[in-house]
Protein chains: 2
Amino acid sequence: MRRFRGEAENKVDNKGRVSIPAAFRRILEEGDPDWSSGLNPNLVIVYGRRNRKCLEGYSIGSIEIVDNLVSNLPRYSKEREILERLLNSQSLYIQLDENGRIILPLKLRKLVEIQTTAVFVGMGEKFQIWNPTNYISDMNLIEKNLSENNLEEELYSLLANVKNQN
Amino acid sequence: MRRFRGEAENKVDNKGRVSIPAAFRRILEEGDPDWSSGLNPNLVIVYGRRNRKCLEGYSIGSIEIVDNLVSNLPRYSKEREILERLLNSQSLYIQLDENGRIILPLKLRKLVEIQTTAVFVGMGEKFQIWNPTNYISDMNLIEKNLSENNLEEELYSLLANVKNQN
DNA sequence: TTGATTCCCATAATTTTCCATGATATAAAC
DNA sequence: GTTTATATCATGGAAAATTATGGGAATCAA
């Protein structure tokens, strides 16, 4: 399954309409079992992540994988209850329209402070939707984290390992 | 798996189109599980490498290994989220066109100061794309480092040792 | 009936696809 | 080992398709 990659900045109009970047649409299409050429793919938006000022978009295939992981946790365990709540009550099933757009309800826009512009960020099996300024801050935070925890070296040693795994 | 080797300088037109050197295409084809004769291979461009004024190209096979290493970290762990962000948001999935070209989006060209010409540099399991002048400077830096510390001999004796240990 | 939501159409800008060509390179023939 | 044919490469231009975005009519809900 291909992954969400890259960043894109799109306009949000006062009806809440935003284009999903074309590259992301392709991934949503591939990940939607009900999709076939000519149809509009579906996705799931998860909005309940605290300490995170962004929305998260999953293809149908990806969200099913996450759902199944949760189902495998012990029933009534604390973790499972929390995840179930997060993933089920704080999420939304959406279908792209004919033009490749979705409508972000006002409630969600307010939640993540999105007004006229949204940044789409590829995160592999999911993507994030940010207010542009908040995204920049978050990136800066990550940069800082990287240098402090020496994670960058770790990442690139992972990259270096590519050779060894062959 | 064969490796990216050698240097090549190609034109970039104002749409951002560049030919991938034919030799590199062969490696991309071999490294793309979906590729078969007649099709155009895919690759992933990583651009978010700080302190480096170049882009990096990976075959699908190589980048998948890296992706899987990250996927093995606990889902939603801080570490994983950071690495996912770096790896996925600062990269791009691209398919070669019928003529063996890719298009480098303006954003990436600006990032590495590429205008009318790009230098492709084989780096084994990946390749780099440079602005010609920046590439020369980087090479000079390496040369300088080598001669100042008489590193070259040392490096090659390092290689000799590796060989003996195998 | 008034505000919101959905659907349909319009369009400029961008991106992709297709075709053409001179330049290299590779192979074949003598 | 030249010369000749054949294929592939790098590059440019233009047509065709897609994208991102806006506006308005139709529909719905309170």
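Per chain, numbering begins at 1; letters A, B, ... match sequence-line order. Excluded from the calculations below are hydrogen atoms, water molecules and symmetry mates; all remaining heavy atoms, backbone and side chain alike, are included.
Counting side-chain heavy-atom gaps under 4.5 Å among Ile, Leu, Val, Met, Phe, Trp and Tyr, the cluster of B:F4 also holds B:V12, B:V18, B:I20, B:F24, B:I27, B:L28, B:L43, B:I45, B:Y47, B:L55, B:L92, B:I94, B:L96, B:I102, B:L104, B:L108, B:L111, B:V112, B:I114, B:F120, B:F127, B:I129. Its side chain within the 4.5 Å cluster rule, B:L39 clusters with B:W35 among the Ile, Leu, Val, Met, Phe, Trp and Tyr residues. In the hydrophobic clustering (ILVMFWY side chains linked at under 4.5 Å, chained through shared members), A:Y76 stands by itself. Grouping Ile, Leu, Val, Met, Phe, Trp and Tyr residues whose side-chain heavy atoms lie under 4.5 Å apart, directly or via other members, leaves B:I103 alone, with no other cluster members.
Of the residues in residues 22-35 of chain B, not one comes within less than 4.0 Å of DNA chain C through any heavy atom. Contacts between residues 111-131 of chain A and DNA chain C, counted as heavy-atom distances below 4.0 Å, involve no residue at all.
Applying the salt bridge (charged side-chain N to carboxylate O under 4.0 Å, His left out) test to residues at least two apart or on different chains, the pairs with a partner in residues 95-104 of chain A are A:D97-A:R101. For the salt bridge (charged side-chain N to carboxylate O under 4.0 Å, His left out) condition, no pair includes a residue of residues 31-41 of chain A, sequence neighbours left out.
Checked for salt-bridge contact, B:E64 and A:R3 miss the test: no charged N lies under 4.0 Å from a carboxylate O. Taking 4.0 Å as the cut-off between side-chain N and carboxylate O, B:E84 and B:K78 do not count as a salt-bridged pair.
The local environment of CD in A:E9 is crowded, with over 12 non-hydrogen atoms from other residues, nucleotides or ligands closer than 6.0 Å. By the 6.0 Å contact criterion, CD on B:Q95 is enclosed, its count of non-hydrogen atoms from other residues, nucleotides or ligands being greater than 12.
When only modelled atom types and interatomic distance are considered, B:Q90 and A:R5 share no side-chain donor-acceptor pair under 3.5 Å. Looking only at atom types and distance, the side chain of B:E113 has a donor-acceptor partner in the side chain of B:N134 under 3.5 Å away.
Annotation: cation-pi pair A:R2/B:Y93 present, NZ/CZ under 6.0 Å from the ring centroid and within 45° of its normal.
The nearest whole Å value for the distance from the CZ atom in A:R109 to the C1' atom in C:dA4 is 11 Å.
Contacts of B:I20 with the nucleic acid, taken as non-hydrogen atoms under 4.0 Å apart, involve only primed sugar atoms and P, OP1 or OP2.
The backbone N or O of A:K126 lies less than 3.5 Å from no partner atom in the side chain of A:S62, so there is not a single donor-acceptor pair.
When the salt bridge (Lys or Arg N to Asp or Glu O under 4.0 Å) test is applied to B:E7, no partner is found at least two apart in sequence or on another chain.
The bend of the helix from C:dT1-D:dA30 to C:dC30-D:dG1, defined by the angle between the axes of its first five and last five pairs, stands at 40° to the nearest 10°.
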Which parts of nucleotides 11-20 of chain C does protein reach within less than 4.0 Å, heavy atoms only, written one letter per nucleotide 5' to 3' as B for base, S for sugar-phosphate only and - for none?
-----BBBB-
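Close approach of DNA chain D to chain B, defined as any atom under 4.0 Å from a non-hydrogen atom of the protein, starts and stops at D:dC9 to D:dA14.
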